[in-house]
Amino acid sequence: MTRFSIIAGRSLLCRIVFGSLTCCAVVLPGLAQGPAKTLLVGVDRRSVTSLNGDWHYLVDQPPAKGLYTAAGKVRDNGYGLNTHPNINSGPHNEEYDFATAPTLKVPGDWNTQDPTLFRYEGVVWYERDFDFQPVPNTRAYLHIGAANYKSFVWVNQKRICDHEGGFTPFDCEVTSALKPGANFVVIAVDSTREVDGIPSVGIDWFNYGGLTRDVSLVTLPTRFIDDYDIHLKHESTFSSSNANTLAGYVHVEGAAEGTAVTLRIPEAGVNTTLKTDADGRASFEVKAANLQLWSPETPKLYKVELVSGDDRLADDIGFRDIRVDGTRILLNGKSIFLQGANAHAEAPYRTGRACTDEDVKNIFAFLKDLNANFVRLAHYPHDERMERTADREGIMVWSEIPLWQHISFEKPEVYAKATYMLNEMIRRDRNKASVIFWSVSNETPNNPARTQFLTNLANEARRLDPTRLVTSALIGPHVKGNEAVQDDPLADALDVVGQNEYIGWYERRPEDADNVKWTLPNKPILISEFGAEAKQGVHGGIDQRWAEEQQVNVYEHQFVMINKIPQVRGLVPWVLMDFRSPTRNIPKLQDGFNRKGLISEDGKKKQAFFLFQKTYKERSVGKE
Ligand code: GCU
């Protein structure tokens, strides 16, 4: 067991035991309870009581007196108590009432549901009633797929937990707060951006607030499987002839040493019983029979059954090997070239935070039509449906925590937050074969505090998951003459280097790219962002900015440049689809949207889409 302690802020330690988040005593500034105590893996594979649907809501505008005291602490007697005003008689009391308040759909951001909240950043309170019949010898957890940005949870007037981070799941035990029959849950969500937040305050996407992913009640036996990692053993070298050893662990919360855990993968001839150690963790290595490895061509998933005591869980897991060899990326021992796109979690057609089966189906329809085999989920973990679909569709994934550009890298409490967000991301998706990269950041300033912070974080990602590759998207250098020299020391900490560059849009002319000579680290390089804006339907010369023809011209010259860089192993144009960003304010051209999409937000394909569709089909740029 590796103990990793962080002195966080004005308070205690966060102890993250190797491979699992067993407890977080950290109390970060702004959170009275610290992050939730457990993190249930495979919740979407359990039968749960969904709390999706209509929730009453009340807006608590700054200074949000229903939530915070004048000193900024969380109130114990705020709206979380869900009391009702004495309207007709009796003494005057609190002036709020959920019972007669309007409703919002959960999951979903509030910005695109209530026009009066479109640009609102602050606290919105959510409340819903639900019936519950406790089952003896079980424990109950409230599971929240994501809530942007800070959340504070009460059940039946009891303060339960807090969470910070707008894009990763959390679970809070509510066993002792629930009662037979009528219950209610109240959640305050504060979407206010903070300088010491992750991300910080200056972002180039829309800060959609709210309970933006599924909410459910999970009933579990007193001892239950809360975490597992089942993967193809990562040998020192890969050989397809003996790629048949599975390894990992199953963690049983509350289990005594020696508790039995059964691991069955019928189609792979695996049926073995494990025993937990003193920490409830059962590690294993087991031979599988005639394993078909996961790949874009054969996205094979196996039914994996886990049983321990009264708990059972079945997941669908693919097995594959990903590693680098010099400047190549090897999937199952074969060199690959990633043909993809960046995607924000913007819902096609309807806009808003993508969070439904329909949204995910639409995004993957675009990717398949593009002939893509890869997607960078920018700049934060997306809804879990994205990785589930990528597993099934054979699309490889770059997953990233939102350390975007300017972050308070000099603050230990910010490192503590980044560490548990990284842990939440890895824990949720480590069993998804489609995820091949963990990214620790995007376009951060090259200075010693940031490089140390992100180097530590990259090493933490490797410690949590030694089977995947660690990357980050670097910005710069600017082109000097015809030279571009990438010498960011952060590259030393990465397995694969993402290089963002906008030659032809933010700097120089498109045709200048033809003569640019790049000096890059001798590692696999992805051009992780490149492109130009175009408003769909605007046509003109190749020098007319925001014309579709101009966007194509930028890419055509980019391809000439990229084809001269031997270690490029992937193309990731910015961006699959136009997305909302309040900083994009040219009327009639942007109207609050970043227009670098290959597709407009209402699903209309631009000429550049068809350029990539053809390039990817013919594999005419870059080589494996
Ligand atoms: C940056 C950044 C993106 C941003 C893009 C742009 O590279 O990573 O988040 O949207 O450029 O300016 O359009």
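Both ligands and their constituent atoms are indexed starting at 1 by order of listing. Here the structure is a predicted model, which is why all the values come from computation and not from measurement.
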For ligand 1, the portion of [X] having any non-hydrogen atom under 4.0 Å away:
| X | result |
| --- | --- |
| Phe579 | side chain |
| Asn594 | side chain |
| Trp205 | neither |
| Asn442 | side chain |

Show me which atoms of ligand 1 lie under 4.0 Å from any heavy atom of [X].
| X | result |
| --- | --- |
| Trp404 | 2 (C), 8 (O), 9 (O) |
| His379 | 3 (C), 8 (O), 9 (O) |
| Lys596 | 6 (C), 12 (O), 13 (O) |

inquiry  = Below 4.0 Å from ligand 1: does a non-hydrogen atom of Arg584 turn up there or not?
reply    =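 Checking ligand 1 against Arg584, which is what was asked, there is a heavy-atom contact under 4.0 Å.
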inquiry  = Counting only heavy atoms not in Lys614 (residues, nucleotides, ligands), do more than 12 fall under 6.0 Å from its NZ?
reply    =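 Incorrect, the count does not exceed 12.
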request  = Considering heavy atoms of the protein only, find what lies nearest to atom 12 (O) of ligand 1 and give residue, atom and distance to 0.1 Å.
outcome  = Tyr506 OH, 2.6 Å
key: atom 2 (C) of ligand 1 [closest protein heavy-atom partner, distance rounded to 0.1 Å]   = Glu529 OE1, 3.4 Å
ask   = Do Glu387 and Arg428 sit within salt-bridge range, that is, some charged N less than 4.0 Å from a carboxylate O?
value =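 Looking at Arg428 together with Glu387, the answer is yes, because their closest N to O distance falls below 4.0 Å.
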task = Flag the pair Arg385 and Asp357 as a salt bridge only when some basic side-chain nitrogen lies within less than 4.0 angstrom of an acidic carboxylate oxygen.
result = yes
inquiry  = Using the ring-ring contact (aromatic ring centres under 6.0 Å, His included) definition, which of the options Tyr208, Phe167, Phe579 pairs with His344?
reply    =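 Among Tyr208, Phe167, Phe579, the one meeting ring-ring contact (aromatic ring centres under 6.0 Å, His included) with His344 is Phe579.
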key: Member of Trp574, Trp546, Tyr555 meeting the ring-ring contact (aromatic ring centres under 6.0 Å, His included) criterion with Trp505   =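 Single ring-ring contact (aromatic ring centres under 6.0 Å, His included) partner of Trp505 among Trp574, Trp546, Tyr555: Trp546.
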message = Would the distance check show the side chain of Asn446 and the main-chain N or O of Asp488 forming a donor-acceptor pair, the cut-off being under 3.5 Å?
response = no
ask   = Hey, does the side chain of Asn482 reach the backbone of Val516 with a donor-acceptor pair shorter than 3.5 angstrom?
value =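 Looks like no, no N/O pair under 3.5 Å.
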